2 protein chains.
Amino acid sequence: MSDRIIPEATKRRMPIYYKYFKSQQEAGTKRVSSKSISDSLDIDSATIRRDFSYFGELGRKGYGYNIDSLVDFFSEQIFGKTVKKVAIIGVGNLGSALLRYNFGGNVSNSMQLVAGFDIDETVIGKTIGNCVVYNMDELNHIVKEKNINIAILTVPKESAEEAKIAIENAGIHGIMNFAPVKLTGHEGLVIHDVDITLELQSLCFNMKLSRGE
Amino acid sequence: MSDRIIPEATKRRMPIYYKYFKSQQEAGTKRVSSKSISDSLDIDSATIRRDFSYFGELGRKGYGYNIDSLVDFFSEQIFGKTVKKVAIIGVGNLGSALLRYNFGGNVSNSMQLVAGFDIDETVIGKTIGNCVVYNMDELNHIVKEKNINIAILTVPKESAEEAKIAIENAGIHGIMNFAPVKLTGHEGLVIHDVDITLELQSLCFNMKLSRGE
DNA sequence: ATACTTATGCGACATTAAGCACTATTTGTG
DNA sequence: CACAAATAGTGCTTAATGTCGCATAAGTAT
């Protein structure tokens, strides 16, 4: 069935599955079934089996799925074969927090935070977390040198558009944008917006619906 | 049509609509049509009209929708009549970044960041952004005093469960959880998980699918 | 071995969401 | 005031997603 037409809904669940597999692997689990995944993730077991079937026959009847195989398979599906290198553009409050946080060490085998960039002389040259903060002028050069694939954009909204263009020109094809601005990229540039105020509103609305307060 | 059975898909779009209305209102726009919203948000105009119709007849034929009315109406739908008070639990890297960031001042009329909480003596008593950081011991008391409705949980994953219980006991009914742990709440506690590593994985996967690299 | 249990993969069906196309109404213009 | 243009609201069609149930294969116990 792996004709490479993965439904949107399945795509959305991929990282959720992967996170679960990793946590199970760490906990020493050797095998899982669609039922056991279902219990933990609250996704119907039939949905899980269907999702996996888009990638081929990953399991064995009567046995289930082997955790190590799943982790390896999903890791390659999500990240590809090479480690993804990530840079933080804009080392202000949020940017420096993310640098220090370093994903809680959670994705280190497949993704790596490798640099920060800013235009503010007072942070340029500093090392935050494990990363040196470079001048934005050096973006092109460092991106090539370190093989950076992904940019996390944490600049003020006024500078977001300009930063996006610089990132695009440096040859980066994926942006996770924290600035509350709608950015549009050319063909081949994938932009993923994260807006904390949107998340909070969604929380509020769900509270309202669930309790009518 | 407002029988209070809002489809999930519509719920998910509510904050997106609201954000757009606010930005248009700020820009001085007085009226919008489902067509103009559609152009900006890339949601089919019929879907937009249908979404709105679940809340009654919000527009006028031949005219469209009045922006100020939409903002007011959606604001009440999402937040209710009173300003929501938010506290940050765990004033580490991410927590203090969020305190300083203060949502970029973007939701100030309907939500307000009012306090931080931590167990670390070196931050307790400090003022970050506009908020005082209190000792976790004071949670119950300050929540009542300041009428806090929502907690943003930015503690290390080891302390997340314990913090959740404290939050629940203090009478807060909504948690936005940044810790990479699955938290489950009792009936009436709404938990919304935000996991940056998940977002990054989703970005990676989309890059892979869109470019096959 | 044999029977029983577990659990996948998949066809068929059910539910939910999206979008077309029509109708009814209001606006705006000459 | 009359008429063209604009646009909401909605019945119905189509597409996407989710779920059931079963045939089949693997594992497990006697």
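Keep in mind that this is a model prediction, so the values were computed, not measured. Numbers restart at 1 for each chain; the letters A, B, ... are given by sequence-line order, proteins then strands.
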**Student:** Tell me: CD1 of Ile37(B) to P of dT7(D), nearest whole Å?
**Tutor:** 11 Å
**Student:** Near Glu162(A) CD, under 6.0 Å, is it more than 12 heavy atoms from other residues, nucleotides or ligands?
**Tutor:** no
**Student:** When you compare the protein's N or O atoms with those of nucleotides 28-30 of chain C, which come within less than 3.5 Å of each other, and at what distance?
**Tutor:**
{"from": "dG28(C)", "atom 1": "OP1", "to": "Arg31(B)", "atom 2": "NH1", "distance (Å)": "2.9"}

**Student:** Who passes ring pair (Phe, Tyr, Trp, His ring centres under 6.0 Å) against Phe178(A), sequence neighbours left out?
**Tutor:** none
**Student:** Using a 4.0 Å heavy-atom cut-off across all strands, classify Phe52(A) as base, sugar-phosphate, or nothing.
**Tutor:** nothing
**Student:** Between Ser34(A) and dA7(C), is there a contact of a side-chain N or O with OP1 or OP2 at under 4.0 Å?
**Tutor:** no
**Student:** Rounded to the nearest Å, what distance is computed from the CD atom of residue Glu57(A) to the C1' atom of nucleotide dA26(D)?
**Tutor:** 13 Å
**Student:** Which residues pass the side chain to side chain contact (heavy atoms under 4.5 Å, CB included) test with Asn66(B), sequence neighbours left out?
**Tutor:** Tyr63(B), Asp68(B), Ser69(B)
**Student:** With under 30° as parallel and over 60° as perpendicular, where do the rings of Phe52(A) and Phe74(A) fit, or are they tilted in between?
**Tutor:** perpendicular
**Student:** Quick check on the 6.0 Å ring-centre criterion: do Phe21(A) and Phe73(A) meet it?
**Tutor:** no
**Student:** In B/S/- notation, 5' to 3', how is nucleotides 16-25 of chain D contacted by protein heavy atoms closer than 4.0 Å?
**Tutor:** -SSBBB--BB
**Student:** Please name all residues satisfying side chain to side chain contact (heavy atoms under 4.5 Å, CB included) with Arg12(B), sequence neighbours left out, ordered by chain then number.
**Tutor:** Glu8(B), Ala9(B)
**Student:** Give me each pair satisfying salt bridge (charged side-chain N to carboxylate O under 4.0 Å, His left out) with a member in residues 32-57 of chain A, each pair once, sequence neighbours excluded.
**Tutor:** Arg13(A)-Asp51(A), Lys35(A)-Asp39(A)
